[in-house]
Structures are given as structure tokens and as C-alpha cells.
Amino acid sequence: MKKYTDLYWRICEFENLQRAWRAARRGKRDKQQVVEFEFEAESQLIRLRDELVSKTYQPGAYTNFHLEDRKRRLISAAPFRDRVVHHALCQMIEWLFERQFIFDSYANRIGKGTHRALDRAQKYCRRYRYVFQGDLVQFFPSIDHAILRGILARIVADEETLWLIDQILASGAHIHTDEYRMQWFSGDDLFAIHRPRGLPIGNLTSQFWGNVYLNALDQFVKRELKCQAYVRYVDDFLLFADDKRVLWELKERVADFLQSLRLVMHPRKSVVYPAQTGIPFLGWRVFRTHRRLKRENVRDFSRRFRRQIFSYERGEFSLADLNASTQSWIAHAAHGDTYRLRARLFRAMPIKPRDPEPAPAL
């Protein structure tokens with residue numbers, strides 16, 4: 001396997017940092033940190049470059065908050081200057097790993113995404129009788145730093161680039177300390193509880209490294225288990241076959257392999273069942289002939305849409321923003337059989353025109 005040893009100077013180049021800054025600010029130019037950085041962008045980028053070249057760069061503190069989205073998740077936002085560094089790093093090393101990935105890994109990759117994962121799952125649903133649906137317990141909080149760094153070092157042999165990776169890994173090592181429920185594995189001693197683990201949900205590097213980490217599972221399923229009908233999106237994955245006994249055996253072998261990554265499958269959510277009953281996957285229930293949005297997703301949109309209408313009627317939300325948000329959801333919902341659902345929702349929650357503001361007195 002070819003190793004690449006001359007990457008760090010490319011990461012530090014001003015042009016690479018400039019591209020990273022533009023990528024990091026996309027869709028966030030109204031945020032205070034982004035505005036402050038942009039006000040003196042050139043000097044900020046030069047300062048970042050000098051810190052990287054001299055190896056005095058230190059990541060800043062994360063801003064943490066919990067997102068209540070059917071399950072409680074800790075989201076960690078890095079300072080904007082650190083997000084620029086994350087983009088600069090990924091721009092230089094992502095392609096090295098991309099060609100190692102299998103076709104049916106769909107998360108956070110150009111040309112992939114949720115809708116293509118759904119298309120692939122539905123294709124296999126039509127072809128096979130049974131599906132094994134796997135779900136990992138606390139995936140991002142469980143990612144072991146020593147294992148991840150070993151995987152990265154097999155491709156990135158440049159010690160200076162690995163130094164930068166170490167800085168980013170160390171900055172998030174204790175983010176999930178209060179969230180992680182300790183899992184014990186064969187051979188662990190009492191010090192295993194202190195192993196550095198966890199990637200901050202919200203980092204670009206975390207999304208990328210999550211794919212790198214689970215590429216080992218993808219390769220095992222394809223090369224060792226010889227299962228061609230396989231789809232993965234982050235930590236949700238599907239294996240298909242015509243014999244459910246085969247899938248139960250594959251489930252045991254996958255569970256054993258995941259031990260080597262210090263990961264555990266969810267005992268209740270990792271099951272084998274007939275594909276014709278519908279597969280709950282990425283917010284949809286996928287059937288052989290059609291797809292339906294899951295009820296909780298429809299409920300979440302209805303609540304958000306109702307709040308936006310109320311804000312619009314009070315003058316706190318523009319019609320353009322309301323339209324953009326709604327059209328985005330419509331485009332997503334249109335990937336399934338939702339025409340009647342959409343018509344019913346919008347009939348039930350019509351948008352009333354705002355009263356015009358009174359003309360100023362002369």
C-alpha cells in the first residue's frame with residue numbers, strides 16, 4: 001500500500017488555507033466568528049500559516065450544546081479558525097482515502113448522500129428476501145484514538161501531518177467523557193477506561209474520520225464475508241440475502257469483527273427481518289415498490305413549519321426564508337411517495353399574507 005510522505009507543506013500553503021477559509025464560511029457568513037475572521041482574513045490566514053509552519057498551532061476550546069432530535073446528542077462547534085484548519089487538512093488527505101472506500105459507503109462523500117443510499121437500499125430490497133440492519137452504540141463517542149491513528153498512519157506517513165492530526169484528535173479527546181457509557185472488551189485492564197476516545201460531532205474531520213474508521217468494516221463485509229448486497233451510511237448499515245440463517249451468521253461475525261474496533265452493535269436495533277415489511281432507513285421506510293417518510297420526520301417538519309409561519313406572521317421571518325426552508329423539505333420529500341402527504345400538510349397550514357405596514361404620516 002502506497003504511503004504519502006510530502007503533505008504537510010501543501011496543507012500550510014497560503015492558497016490551500018485560502019480555499020479552506022472559503023469552504024468553511026460557506027452558508028455561515030452571517031455568524032459573528034466568521035464575520036470577525038473575514039474582516040481581517042489575510043492577516044488571519046498568514047497567522048495560521050505561520051503557526052502551522054512553526055508547529056505552534058493549538059486548537060481552541062469547543063462550544064458544546066445538546067441537540068434533542070429523538071435522541072439526545074452532544075454537538076461540539078470548534079472555533080472558526082480551527083474549522084479552517086480542518087478544511088485545509090481534509091483538502092490534502094481526503095483523496096488518499098477516497099479511493100480505498102467501497103462504492104456502497106454513502107455518507108459525507110461527493111456524489112453520494114442519503115438519496116443515493118436510499119436508491120441502493122431499495123434496489124437490494126427488491127432483489128433479496130431478507131435484510132440484516134445494523135446500528136452501532138454511541139459511534140462517535142466510541143471511536144478509539146489509538147486505533148484511528150493507526151489506520152490514518154498506514155496511508156499518511158508524513159510525521160508533520162500526523163502531528164497536526166494528533167493536535168485535532170487531542171482537542172476532542174474528553175468531549176464525550178460524560179456521554180460515553182464504558183464498554184469492556186476482551187483483554188481490557190482497569191486502565192482501559194482512560195483510553196482516549198471520541199470525535200466531536202460537528203467537525204468536518206470527524207465526519208471524514210468516521211468513514212475512515214468504518215472502512216475496515218466495509219472491507220471485512222465485502223472481502224471476508226463476500227456480501228455484495230451491502231449499504232452503509234455513517235453507522236447505519238444493511239446486509240441483504242435470501243436466507244435469513246445466513247444473515248444471522250453474518251450478524252455474529254460482524255459483531256465479532258467490531259470488537260477489534262472497540263465498537264458494539266445495538267442489541268435491540270440490530271435485527272434480521274423480511275425485506276418486504278419495509279426497512280426503516282435514513283428517516284424513511286423503504287418498501288420494494290415505494291417509500292414513505294417516517295412519522296416522526298413528518299411531525300418534526302409540521303412543528304417547524306408551524307413555528308416559521310407564526311414567525312412570518314409576526315414579521316420575524318421573511319417570506320423568502322420561509323419559502324427556501326419549505327422548498328428544501330419538499331425537494332427531500334419528493335424522493336418518496338409523498339404527494340398526498342404534502343398536499344394535506346399545506347392545506348392544513350396555509351400561509352396568510354401579512355398585513356401591509358401603515359404608510360408613514362406626512
Side-chain angles (χ1 to χ4, degrees), residues 7-67 69 73-95 98 107-111 113 140 160-161 163-173 175 199-211 304 308 311-312 315-329 331:
L7 294 171
Y8 192 70
W9 70 271
R10 299 181 189 178
I11 295 170
C12 300
E13 281 183 338
F14 184 83
E15 291 77 9
N16 183 52
L17 291 172
Q18 195 171 46
R19 287 196 304 273
W21 158 56
R22 289 171 179 159
R25 74 180 183 179
R26 194 172 295 129
K28 303 179 180 68
R29 298 186 70 174
D30 59 338
K31 305 296 183 183
Q32 182 177 349
Q33 283 192 22
V34 181
V35 172
E36 292 173 354
F37 191 98
E38 191 160 355
F39 183 72
E40 47 181 9
E42 186 172 352
S43 60
Q44 290 273 16
L45 292 173
I46 291 172
R47 191 176 304 121
L48 261 182
R49 183 197 61 189
D50 292 345
E51 290 178 15
L52 289 169
V53 169
S54 63
K55 293 187 183 176
T56 57
Y57 166 75
Q58 288 289 331
Y62 287 88
T63 301
N64 301 307
F65 60 94
H66 284 93
L67 183 65
D69 183 18
R73 293 183 296 164
L74 177 66
I75 307 298
S76 303
F80 181 72
R81 73 192 307 268
D82 292 338
R83 280 176 264 163
V84 173
V85 174
H86 299 168
H87 277 270
L89 172 64
C90 289
Q91 285 171 176
M92 286 296 113
I93 69 171
E94 208 166 23
W95 66 276
E98 177 64 30
N108 308 306
R109 296 175 65 194
I110 296 173
F140 281 105
E160 292 176 311
T161 303
W163 170 83
L164 179 57
I165 289 171
D166 288 339
Q167 300 305 304
I168 298 171
L169 280 175
S171 71
I175 291 290
L199 297 180
I201 300 174
N203 276 6
L204 176 69
T205 49
S206 299
Q207 299 168 17
F208 168 48
W209 289 340
N211 265 348
R304 184 175 70 251
Q308 289 175 345
S311 297
Y312 165 71
E316 300 168 353
F317 202 61
S318 72
L319 184 61
D321 289 339
L322 177 59
N323 181 64
S325 175
T326 306
Q327 291 296 335
S328 175
W329 182 83

The side chain to side chain contact (heavy atoms under 4.5 Å, CB included) partners of Ala170 (sequence neighbours excluded) come to none
Taken to the nearest 0.5 Å, the spacing of Trp21 CH2 from Phe14 CZ works out to 8.5 Å
Hits for side chain to side chain contact (heavy atoms under 4.5 Å, CB included) against Val53, two or more places apart or cross-chain, chain-then-number order -> Cys12, Arg49
Residue set satisfying ring-ring contact (aromatic ring centres under 6.0 Å, His included) with Tyr62, at least two apart, ordered chain then number -> none
Applied to residues 34-45, the salt bridge (charged side-chain N to carboxylate O under 4.0 Å, His left out) test, sequence neighbours excluded, yields Arg25-Glu38, Arg29-Glu38
Residues passing the side-chain hydrogen bond (donor to acceptor under 3.5 Å, both in side chains) test with Arg10, sequence neighbours excluded, are none
For the residue pair Phe37 and Phe80, categorise the inter-ring angle as parallel (less than 30°), tilted (30 to 60°) or perpendicular (more than 60°).
perpendicular
For Asp321, the side-chain hydrogen bond (donor to acceptor under 3.5 Å, both in side chains) test, sequence neighbours excluded, returns Ser318
side-chain hydrogen bond (donor to acceptor under 3.5 Å, both in side chains) filter on Thr161, not counting sequence neighbours, yields Asp158
By salt bridge (Lys or Arg N to Asp or Glu O under 4.0 Å), Arg81 pairs with (sequence neighbours left out) Glu51
Those residues at least two apart in sequence (or on a different chain) that pass side chain to side chain contact (heavy atoms under 4.5 Å, CB included) with Ser54 are Thr56
Sequence neighbours excluded, the answer for side-chain hydrogen bond (donor to acceptor under 3.5 Å, both in side chains) partners of Ser325 is Gln308
Side chain to side chain contact (heavy atoms under 4.5 Å, CB included) filter on Trp163, not counting sequence neighbours, yields Tyr8, Lys55, Tyr57, Gln167
With sequence neighbours left out, the residues meeting salt bridge (Lys or Arg N to Asp or Glu O under 4.0 Å) with Arg304 are none
